[in-house]
Amino acid sequence: MIFIDACKRKETPYTPIWMMRQAGRYLEEYRETRKKAGNFLDLCHNVELATEVTLQPVEILNVDAAILFSDILVVPLEMGLPLEFVAGEGPQFQRTITNYQDVCNLKKDAFLKLDYVYDTISSVRAKLSKDKALIGFCGSPWTLATYMIEGEGSKTYAKSKKMLYENPQTMHYLLKQITDELKGYLIRQIEAGANAVMVFDSWASALEQEAYFEFSWGYMKDIAKYIKMHYPEIPVILFPKGIAGYLKHIDGNFDVFGVDWGTPMEFAKQHLGGKYVLQGNLEPSRLYNEDFMEMGVDEIIGIMGKKAGHIFNLGHGMLPDLPRENVIKLVEMVHKKTKR
Ligand code: CP3
């Protein structure tokens with residue numbers, strides 16, 4: 001698999017590409033399957049239809065990897081927090097974590113209730129072509145904790161930060177519980193057939209440097225170490241979004257560092273490119289305009305070169321209204337321009 005070789009810094013015939021949120025609303029095929037399923041969570045729970053939407057971007061775009069179709073929030077859901085995806089507004093938890101007792105009340109061994117995810121992985125792996133990789137994933141403990149405390153997406157993370165500074169032990173206790181679940185969750189994803197795993201730390205940028213390393217990166221590293229201990233051959237990808245300023249302190253036992261669009265690729269290469277394969281980082285909005293898209297591709301390839309050490313991706317998730325023809329062109333363009 002070209003994608004897996006690239007994660008291990010082996011030479012490949014071209015630079016592989018996949019895109020965060022490659023399955024989604026910009027594809028009419030996705031919108032149709034979601035309608036058949038009912039709502040978004042029903043789609044996550046439906047093995048047959050989740051398999052279908054996982055495979056759609058591989059077939060339509062010819063990307064080098066599929067990513068499991070699910071959501072990072074199914075873990076808190078199974079830890080006992082009822083979840084709804086409100087159309088146009090995003091995820092909302094009906095109950096939130098406000099104190100130590102709430103953390104004690106969370107259900108243990110949530111990862112044992114996520115068979116629908118493992119079944120989707122096995123079903124995708126059985127249908128996916130052998131040269132394409134399947135990526136499993138989870139949210140980072142910190143990013144999941146913010147959703148569990150705020151109850152929804154937030155601009156300020158005020159409640160989460162209040163808990164962190166007022167009561168750091170409670171925050172650590174929550175993060176530790178989530179981390180234990182995620183270790184079991186990723187191991188089972190691998191055992192079901194995932195060829196690589198990725199941890200999304202979407203709200204990394206909410207934290208100042210010292211707090212970031214203590215309350216987020218430390219747990220990400222712990223998860224990566226655990227996976228590498230059990231499955232050393234499975235690539236681990238870590239994606240902390242929005243922490244360009246902290247790159248020189250990044251370390252740990254993992255394979256690929258996901259670079260967001262706010263971090264100049266040259267800067268990431270300088271600090272981390274020697275130690276980790278870099279994945280990223282085209283600004284997704286460039287796909288609205290083919291010329292800007294191509295200039296962005298040329299710039300990234302110009303920096304990362306055609307040698308091993310780079311996986312092409314967007315610098316964050318695909319937007320729901322990106323023109324699909326440009327997404328298809330992007331994959332062709334990257335394959336063609338990086339041919340060895
Ligand atoms: O990348 C993929 O194609 C795989 C599937 C995937 C989804 N969510 C599907 C989804 C993955 C890897 C995620 C991760 C995820 N989910 C993250 C981390 C990545 C990131 O974007 O930072 C986060 C923060 C979430 C939480 C989440 N899920 C939000 C905030 C939303 C609402 C925003 C939106 O785009 O509507 C979701 C819903 C969601 N997850 C959708 C998809 C395809 C859209 C649901 C729909 O309307 O069909």
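In this chain, residues are counted from 1 in sequence order. Counting starts at 1 for both ligands and their atoms, following the listed order.
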Quick one: do [X] and [Y] make a salt bridge, cutoff under 4.0 Å?
X: Glu52; Y: Lys127; answer: no
X: Asp42; Y: Arg34; answer: no
X: Arg188; Y: Asp115; answer: no

Considering heavy atoms of the protein only, find what lies nearest to [atom] and give residue, atom and distance to 0.1 Å.
atom: atom 9 (C) of ligand 1; result: Ser70 O, 3.3 Å
atom: atom 38 (C) of ligand 1; result: Phe85 CE2, 3.5 Å
atom: atom 28 (N) of ligand 1; result: Asp71 OD1, 2.7 Å
atom: atom 12 (C) of ligand 1; result: Phe137 CZ, 3.4 Å
atom: atom 42 (C) of ligand 1; result: Phe40 CE1, 3.5 Å
atom: atom 36 (O) of ligand 1; result: Arg25 NH2, 2.8 Å
atom: atom 14 (C) of ligand 1; result: Ile72 CG2, 3.7 Å
atom: atom 1 (O) of ligand 1; result: Arg21 N, 2.6 Å

Backbone N/O of Ile17 and side chain of Asp64: donor-acceptor pair under 3.5 Å: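 Yes.
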Side chain to side chain donor-acceptor pair (under 3.5 Å) partner of Glu294, chosen from Lys337, Lys329, Arg286: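 Between Glu294 and the candidates, side chain to side chain donor-acceptor pair (under 3.5 Å) is satisfied uniquely by Lys337.
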In terms of relative ring orientation, are Tyr147 and Trp203 parallel, tilted or perpendicular, with 30° and 60° separating the classes?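 Geometry flag for Trp203 against Tyr147: tilted rings.
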